[in-house]
Amino acid sequence: MNREHSPKEKAIYQAVMELFEEGADLSSLTVAEITGRAGIGKGTAYEYFSDKEEMIAGALFYNGISFIRQIYEGLSKEKNLNDKVNFVLLAMEQQMTKANCILRLIHIMSDNSMISQRMRVMEKERVEEEMFPVDMLKQILKDELKDDQTLSEEGLTYLSVSLFSKILCYGMMIRDERFLDKEKREELRKWICQGVCKEFEEISA
């Protein structure tokens, strides 16, 4: 089961995310700024965290995992792969702060900062229920397989990474003012969904 977080831990995570949403540079945040926003003392914060990097990494991890779990639970209402992919894209569009958290999490995981090192430790120690983006996408694809369909581990990995890259591109594109128009976003989502379904059918046939 997921580890329970105390109210004070959650307050720290919320403070980090609020500052992030306001445009703060996470690498230059201070413990005082975080605890001040959270409404708790620095001494109290150090009862739960060893340093600010652990606070920031924990906030990104907690909010990212929570967002992924929320998306996956919502997918149960969707009937096919096209609708599920569209649901994921819409979720990113409608909750840009959380989606940006995922994008920042991925970016940080690829560098060699202290926050990144903390994130890698959390990734290794996570429990099965704590899905990362590619984990969720793999499960979506597995759920779509019919009795007469087979998909190798290599094929599943390729499709998951391919879908992941398309979702990331969508997340970056919708922040561009050229895609503020609702109809343009709908068309873009349609193309992505069609491409994913076609690729899935070809590889799983």
Side-chain angles (χ1 to χ4, degrees), residues 1-26 29 34 37-38 49 53-78 81 83-111 115-116 118-143 159-176 179 185 188-189 192-193 196:
M1 293 181 64
N2 299 332
R3 185 176 75 84
E4 288 295 324
H5 297 272
S6 72
K8 290 179 180 177
E9 285 177 295
K10 290 180 180 180
I12 289 289
Y13 295 159
Q14 180 64 31
V16 171
M17 295 313 298
E18 286 177 1
L19 291 164
F20 171 55
E21 186 177 358
E22 292 169 8
D25 178 4
L26 295 182
L29 277 179
I34 296 170
R37 176 62 64 93
F49 304 95
E53 285 77 19
E54 187 176 3
M55 296 178 192
I56 295 169
L60 291 171
F61 188 89
Y62 176 78
N63 285 279
I65 294 297
S66 298
F67 184 44
I68 293 167
R69 187 187 312 119
Q70 175 188 336
I71 291 175
Y72 187 69
E73 290 173 352
L75 289 171
S76 62
K77 301 174 184 177
E78 306 303 325
L81 182 58
D83 292 347
K84 289 177 180 179
V85 174
N86 190 61
F87 181 90
V88 174
L89 296 174
L90 275 173
M92 290 192 66
E93 181 178 330
Q94 294 166 354
Q95 301 191 55
M96 281 302 298
T97 299
K98 292 181 179 178
N100 285 337
C101 174
I102 297 292
L103 296 174
R104 179 64 69 92
L105 185 155
I106 294 163
H107 172 72
I108 289 174
M109 288 287 283
S110 66
D111 65 30
I115 297 174
S116 176
R118 298 282 185 177
M119 290 295 305
R120 292 192 187 102
V121 171
M122 292 177 183
E123 196 277 334
K124 289 179 181 178
E125 295 178 348
R126 67 191 171 100
V127 297
E128 185 177 351
E129 292 85 353
E130 293 177 330
M131 287 184 173
F132 263 37
V134 174
D135 300 323
M136 178 187 69
L137 300 178
K138 277 189 176 182
Q139 192 58 53
I140 290 173
L141 295 169
K142 285 181 180 179
D143 293 344
L159 286 172
S160 302
V161 173
S162 177
L163 175 53
F164 186 42
S165 66
K166 290 178 174 64
I167 291 172
L168 285 181
C169 287
Y170 183 76
M172 290 185 286
M173 290 175 74
I174 59 177
R175 292 186 291 177
D176 190 310
F179 290 93
R185 291 187 177 189
L188 183 57
R189 288 199 308 274
I192 293 173
C193 293
V196 169

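What you see is a predicted model; the values in this text were computed from it and never measured.
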Hey, mind stepping through V161 and L137 against side chain to side chain contact (heavy atoms under 4.5 Å, CB included) and telling me if it holds? CA-CA 8 Å; V161 173; L137 300 178; over 6 Å; no

Passes side chain to side chain contact (heavy atoms under 4.5 Å, CB included), K166 versus V85? Steps please. CA-CA 10 Å; K166 290 178 174 64; V85 174; over 6 Å; no

For a side chain to side chain contact (heavy atoms under 4.5 Å, CB included) check, start with the C-alpha distance between V16 and N63, then their side-chain angles and the critical distance, and finish with the verdict. CA-CA 10 Å; V16 171; N63 285 279; over 6 Å; no

Take V88 and Y170, measure what side chain to side chain contact (heavy atoms under 4.5 Å, CB included) needs, and give me the verdict at the end. CA-CA 10 Å; V88 174; Y170 183 76; over 6 Å; no

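With 3.5 Å as the limit, one finds no donor-acceptor pair spanning the side chains of D135 and Q139.
From L90, atom CG reaches atom CZ of F87 across 8.5 Å, with rounding to the nearest 0.5 Å. Distance check, rounded to the nearest 0.5 Å: CG of L89 to NZ of K84 gives 14.5 Å. Between H5 atom NE2 and S66 atom OG the span is 7.5 Å, to the nearest 0.5 Å. In this structure, CD1 on I140 lies 13.0 Å from NZ on K138, to the nearest 0.5 angstrom. Separating the CE atom in M136 from the CZ atom in F164 is a distance of 9.0 Å, to the nearest 0.5 Å. One finds the CE atom of M55 at 10.5 Å from the CG atom of L29 (value rounded to the nearest 0.5 Å).
Minimum interatomic distance between S162 and S165 (heavy atoms only, all atoms of both residues): O-OG, 2.7 Å. When all heavy atoms of R37 and A15 are compared, the closest pair comes out as CG-CB, 3.6 Å. Heavy-atom minimum distance, A11 versus A38: O-CB, 3.6 Å. A pairwise comparison of heavy atoms in R189 and E93 identifies NH1-OE1, 3.1 Å as the closest pair. Nearest heavy atoms, L159 versus L141: CB-CD1, 3.6 Å. The minimum heavy-atom distance between M17 and A59, with the atom names listed, is SD-O, 4.1 Å.
Within the 4.5 Å cutoff, the side chain of Y62 has heavy atoms near those of the K10 side chain.
A side-chain donor-acceptor contact under 3.5 Å links E9 to the backbone of S6.
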